[in-house]
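This one's a predicted model, so the numbers in the text were calculated from it and none came from an experiment. For the single chain, residues carry numbers from 1 onward in sequence order.
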Amino acid sequence: MAKIRIKQVKSAIGRTKTQKRTLEALGLKKLHQVVEHEDSPSISGMVASVNHLIEVKK
């Protein structure tokens, strides 16, 4: 599987609980933090739900 790098570029302040929990589940706690994950369907779904707050590099 390919790895993807996910970087949080916008704050979670004022976002819904679901979006905050999704960022947490991806391992993002701070602004400009970068995490790596395997590109799986579950990760892709989480990325799609918070794509306005993150940047994705493959």
Side-chain angles (χ1 to χ4, degrees):
M1 288 230 138
K3 290 211 177 223
I4 57 172
R5 294 175 60 104
I6 304 166
K7 178 180 181 180
Q8 184 176 351
V9 293
K10 286 192 178 178
S11 174
I13 295 172
R15 305 297 175 179
T16 63
K17 249 185 214 182
T18 308
Q19 291 173 348
K20 289 179 183 181
R21 286 181 183 163
T22 302
L23 287 173
E24 225 175 90
L26 286 169
L28 296 166
K29 297 175 185 169
K30 297 180 180 179
L31 204 55
H32 302 294
Q33 182 180 3
V34 179
V35 292
E36 271 192 19
H37 287 287
E38 293 289 331
D39 191 14
S40 66
S42 60
I43 296 295
S44 296
M46 287 193 273
V47 164
S49 68
V50 292
N51 66 351
H52 56 289
L53 302 175
I54 61 174
E55 240 178 39
V56 179
K57 293 184 182 179
K58 295 192 181 204

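Residues satisfying the side chain to side chain donor-acceptor pair (under 3.5 Å) criterion with Ser49, sequence neighbours excluded, are absent altogether. For Lys17, the salt bridge (charged side-chain N to carboxylate O under 4.0 Å, His left out) test picks out no residue, with sequence neighbours left out. Shown here are the side chain to side chain donor-acceptor pair (under 3.5 Å) partners of Ser42, two or more places apart in sequence or in another chain: Ser40.
Classification of Lys3 and Glu38 as a salt-bridged pair holds, one side-chain N sitting under 4.0 Å from a carboxylate O.
In this structure, Val34 shares a hydrophobic cluster with no other residue, the cluster being traced through Ile, Leu, Val, Met, Phe, Trp and Tyr side chains under 4.5 angstrom apart. Annotation for Leu53: hydrophobic cluster partners, listed by chain and number, are Ile4, Ile6, Leu23, Leu26, Leu28, Val35, Ile43, Met46, Val47, Val50, Ile54, Val56 (ILVMFWY side-chain heavy atoms under 4.5 Å, direct or chained).
Residue Ser11 holds its OG atom at 10.0 Å from NE2 of His32, rounded to the nearest 0.5 Å.
The salt bridge (charged side-chain N to carboxylate O under 4.0 Å, His left out) analysis of residues 4-13, with sequence neighbours excluded, yields the pairs Arg5-Glu36.
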